[in-house]
Amino acid sequence: MSSSSEEDNIALSKRSHKSKNGSSTKRKKLHPPSSEDEDDLPLSKRAETATPSASPVKKRKLDSNGSSSKSNGTSKSSSSTKKRIKVESNPSTPKNSVKKSSSSTVTPNNVTKSAKKEKETKKDSKTKVKAEEVKEDSPSQSQQAEDEDDDSYKWWEAEDLDGEVKWDTLEHNGVLFPPEYEPLPSHIKLFYDGKPIDLPPVVEEVVGFYAAMLETDHAKNPVFQNNFFEDLVQIIKETKNEQLRATIKDFNKCDFSKMYTYFEQLREEKKSLSKDEKKRIKEEKEKLEEPFKTCYLNGRPEMVGNFRVEPPGLFRGRGAHPKTGKLKRRVFPENVTLNLGKNAKIPEPPAGHEWGEIRHDNTVAWLAMWKENIADSLKYVRFAASSSIKGQSDFKKFETARQLKHHVESIRKDYTKNLKSELMQDRQLASATYLIDKFALRAGGEKGDDEADTVGCCSLRFEHITLKPPNIVVFDFLGKDSIRYYQEVEVDKQVFKNLRIFKKSPKGPGDDLFDRINPSLLNKQLQNYMKGLTAKVFRTYNASKTMQDQLDLITNEGTVAEKIVKFNAANRTVAILCNHQRTVSKSHGSVVQKINDKLKELLWQKIRLKKMILQIEPNLKKKDKAYFEEINDLIKEDEQYIHEIVIQRQREQVLKKMARDNEKLKAEKEPLLTEKSESIKEKLDKIKELEKEYKAELKSGKPEVKKQLTVEKLKQQIETIETRIVNTSLQLKDKEDNSEVSLGTSKMNYIDPRLTVMFSKKYDVPIEKLFTKTLREKFTWAIESTDKDWRF
DNA sequence: TCTACAACTTAGTACACAAGTA
DNA sequence: TACTTGTGTACTAAGTTGTAGA
């Protein structure tokens, strides 16, 4: 195979070699000199804040004067500069300084206004405000709540604070811990080597985690079993119970079945509780959770998202996660850091415990935090999706994506040019940007050996793409959540050429395709075009742009149901672009089979009715050939199969009803029904008669025509069946099209909600049909600020 | 320059509950 | 009314991105 001289030049002079350690995931990459950011975001889109307390100026990100986005003295606080207090026996509140700056905010309303004056720019004031200067004299929660208007706070109608500082005051009641472990009844035991074993509660709890999952796919995974057992042995070791330690050595000798049966029994019992009992339990739970559900942000009530501390259990990693099955340990108050306003009351920790740490960091948007033991990463308790703080963040995300439309042409022009760059790094950047833009790939950061082997654009390896000349690329890799990305696509000829260069020897399986770049580098380059532009913005931009284009194709005709189908089809296009998949449910096969059977049965019914018409008026067959064309569509085997289904179904119905009645009779201590009982026998005999009738019909090819039937009546029945056939076919198509596609993710994260609101208003489709309650709460800002002419 | 980490968004899955159907 | 199926939400894993600091 010969390559062009251009390829050779680049390949020889610029191409990298295999990573030093030969590892497929770890490598060294070159970094280019950083470039100064330009301010591409129209400043007119940033309104000035109205009140002194809400007017601090941000000093990073969307910096107003176009200066570098690099942090300076006012950059995000480090762990050493953040205000924190270790909770000791006598907690005090030292006056550490917290950097504070923010800028004015962009809100849907003021952006609409300012969008009209797109080119206008306005400089933010740059007032640094120290945390000490922030008003912390928050009124009591109830007082403040009373002062609020009846309506909840509409941040999109207000000038609000933005940027570095996220709040002035924050009050909350801490977090809700899972209940303590309750040991199992003494007769429920783990069996080891055939013998029951007494376990201390801490060990029993861990064993129970596995036992409860015994029938899941996780529990059958050898990696899961191994990790679980390793951690179980460790827990046993920690109990210092030497006898137990000496006993439990082999996973395969453990018999969890008794425990599993017990847990199943508990589940069944819970399911069969009376309505009142269930209601009572629910009310108790709600009462317990009530104090944690709401917090006070700048004195206003806001919902907290995940206020429950994650309970202990076995880690359920996705895909081939090397740590799947490991024990997720119980989190204690001592492990938890709370984040509160300086003057907020510190919630009481559970009895006998103390909080790990109390912070007063108003540059972050979390209320509590702890470190988990699987990946040593942090878990946060945050505001709910419906909160103002999240809403603002969402709004900004979509506005950034919208801004991209002003730059995308020049970005595309540049990367098209750079596809031929002499510099390998530039050529890789251009090619990667092309893939991210065109196929909505994720950035693809580097991953460790203790994580599942999944990739994104920058971390694609040699084996993840196959090149088929002249310009077809087959992508086959595991992306986020180990979801397979498989696409055979046509690419730009130069991109194809580049990919061939990036794959050239000495590279082989395990080597990075893009060995000179990484997401950080790529994002740095993107930010030369527009502040806040990163690889992920392309996904949001392309998703929303696709949705807008798809909605533009929809005509304002038909019923609401038909419009929803079209909207969902548009949504599906976006979901496919983003490769949002879902696992095909276990019942999918049988559900599809059922619908197919139903369709066959409907067709049979229709044909049968037409045959009846011909028995009444045989000459109609010649008069209306087309109408009767299908009467021979079903072969005898099909017909027989349908007869069997119908008969079987009817019989099952009778027997099921009998079983139900027997349950009652049993409770009332009455004699039970059998197939020989008169009422049942009568029904079963009728079915037998029907069976005979069908047999005869199969032989003669002529269904029996009841006296009262007329051609007109039969035609009406046929019409009804035809409608049902159309609906059932649609249902089947919908099932098949959607079985692997998840529409929710794109609707929630990628499609600008204002597009959905616009569609709702323009096409008279109630928003309730497009957004669930949760989404309506999350996107209230969009619902209340968008009109029918809005465009992405 | 590179790595680690903090803080955030994005994502699929499990399960409870609601709606539909017989 | 009972059962089945579908939908919505909670949960939490798994990404991206920016920054600090070695």
Side-chain angles (χ1 to χ4, degrees), chain A residues 26 28-34 60-61 69-71 75-82 166 216-218 267 270-271 278 282 305-308 310-311 313 315-319 321 323-324 328 361 363-366 369 371-372 374-380 382 384-385 389-390 393-394 397 442-448 451-452 454-456 458-459 479-483 518-520 522-524 526-527 532 534-537 539-540 578-583 585 587 590-591 594 649-650 652-653 656-657 659-660 663-664 731 735 738 742 744-746 748-750 771-775 777:
Chain A
K26 302 269 184 194
K28 295 217 165 193
K29 287 187 174 183
L30 301 175
H31 282 243
S34 66
R60 49 180 273 277
K61 294 182 183 172
S69 68
K70 279 184 179 174
S71 63
S75 64
K76 187 175 259 188
S77 40
S78 70
S79 54
S80 60
T81 55
K82 279 174 188 166
K166 302 216 158 100
T216 65
D217 290 345
H218 284 298
R267 271 166 66 107
K270 199 178 156 197
K271 241 202 250 173
K278 280 183 187 165
K282 199 178 168 188
N306 54 331
F307 53 84
R308 295 177 199 88
E310 290 176 21
F315 172 66
R316 299 167 188 219
R318 300 194 181 138
H321 199 297
K323 290 192 173 179
T324 191
K328 244 177 76 165
D361 185 354
T363 67
V364 294
W366 52 265
M369 174 201 93
K371 195 166 219 180
E372 54 87 36
I374 303 293
D376 245 7
S377 67
L378 299 171
K379 296 267 186 174
Y380 298 91
R382 301 178 178 282
I389 213 163
K390 288 274 194 188
S393 167
D394 252 4
K397 174 183 80 182
R442 294 187 185 84
E446 207 161 330
K447 295 194 73 185
E451 295 172 277
T454 62
V455 298
C458 293
S459 48
K480 183 177 177 182
D481 293 308
S482 295
I483 296 293
N518 58 39
S520 164
L522 197 131
N523 286 339
K524 235 175 221 171
L526 290 174
Q527 277 163 25
T534 62
K536 111 193 203 336
V537 177
R539 258 168 94 79
T540 315
C578 295
N579 200 39
H580 289 147
Q581 298 184 20
R582 59 175 182 170
T583 309
S585 71
S587 61
S590 63
V591 170
K594 262 188 192 171
R649 190 176 57 226
Q650 294 204 6
E652 272 171 11
Q653 278 170 0
K656 264 189 190 169
K657 173 85 168 61
R660 275 205 305 273
E663 290 269 310
K664 280 183 203 159
Q731 193 192 349
K735 272 258 151 28
N738 286 332
S742 163
T745 308
S746 49
M748 173 141 69
N749 299 303
Y750 288 103
F771 278 153
T772 62
K773 183 170 160 274
T774 320
L775 283 183
E777 283 165 7

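The sequence lines fix the lettering, A, B, ..., with proteins before strands; numbering per chain opens at 1.
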Distance below 4.0 Å between [X] side-chain N/O and [N] OP1 or OP2:
X	N	answer
A:H321	C:dA14	yes
A:Q527	C:dG18	yes
A:K278	B:dA16	no
A:T534	C:dT17	yes
A:T745	B:dG12	yes
A:R308	C:dC11	yes
A:N523	C:dT17	yes
A:K536	B:dT10	yes
A:Y750	B:dA11	yes
A:K379	C:dA13	yes
A:H580	B:dA11	yes
A:T774	C:dT9	yes
A:S377	B:dA6	no

Atom pair [atom1]/[atom2] of [X] and [Y] - distance to nearest 0.5 Å:
X	Y	atom1	atom2	value
A:R316	A:D217	CZ	CG	11.0 Å
A:Q527	A:T534	CD	OG1	7.0 Å
A:K379	A:E310	NZ	CD	3.5 Å
A:K480	A:N579	NZ	CG	12.5 Å
A:T583	A:I483	OG1	CD1	6.0 Å

By the 4.0 Å heavy-atom rule, please label [X] as base, sugar-phosphate, or nothing.
X	result
A:R316	sugar-phosphate
A:A535	sugar-phosphate
A:G456	nothing
A:R442	sugar-phosphate
A:I483	sugar-phosphate
A:A452	nothing
A:K480	base
A:G479	sugar-phosphate
A:E451	nothing
A:Y380	base

Candidates [options] - which lies nearest the side chain of [X]:
X	options	answer
A:S742	B:dA7, B:dG12, C:dA13	B:dG12
A:A443	C:dT16, B:dG12, B:dC17	C:dT16
A:P519	C:dT17, B:dC8, B:dC17	C:dT17
A:D361	B:dA7, B:dC8, C:dA13	B:dA7
A:K773	C:dA13, B:dT9, C:dT9	C:dT9
A:L378	B:dA16, B:dA7, B:dG12	B:dA7

Side-chain donor or acceptor of A:N523 paired with backbone N/O of A:A535 under 3.5 Å: yes
Return the value, rounded to whole Å, for the distance between atom [atom1] of [X] and atom [atom2] of [N].
X	N	atom1	atom2	answer
A:M369	C:dT12	CE	P	18 Å
A:E446	B:dC5	CD	P	15 Å
A:K390	B:dT9	NZ	P	4 Å
A:R539	B:dC8	CZ	P	22 Å
A:E777	C:dA10	CD	C1'	14 Å
A:W366	B:dT9	CH2	P	15 Å
A:E372	B:dC5	CD	P	12 Å
A:N518	B:dT3	CG	P	10 Å

First of A:T540 and A:H218 reached from the 5' end of DNA chain B, by closest nucleotide: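 The 5'-side residue here is A:T540.
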Map A:K397 and A:K371 onto DNA chain B by nearest heavy atom, then report which one ends up closer to the 5' terminus.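 Nearest-nucleotide comparison on DNA chain B picks A:K371.
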Measure the acute angle between the ring planes of A:H321 and A:F315, then classify it against the limits of 30° and 60° as parallel, tilted or perpendicular. perpendicular
Does any donor atom in the side chain of A:S459 or A:E446 lie under 3.5 Å from an acceptor atom in the other side chain?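 The criterion, which ignores hydrogens and geometry beyond distance, is not satisfied for A:E446 and A:S459.
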Report the residue (A:T772 or A:K328) whose heavy-atom-nearest nucleotide on DNA chain C is the more 5′ of the two. A:T772
Do the side chain of A:R318 and the base of B:dG12 come within less than 3.5 angstrom through a donor-acceptor pair of N or O atoms? yes
Please determine whether the number of non-hydrogen atoms from other residues, nucleotides or ligands lying under 6.0 Å from atom NZ of A:K278 exceeds 12.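 Yes, the 6.0 Å shell around NZ holds more than 12 heavy atoms from other groups.
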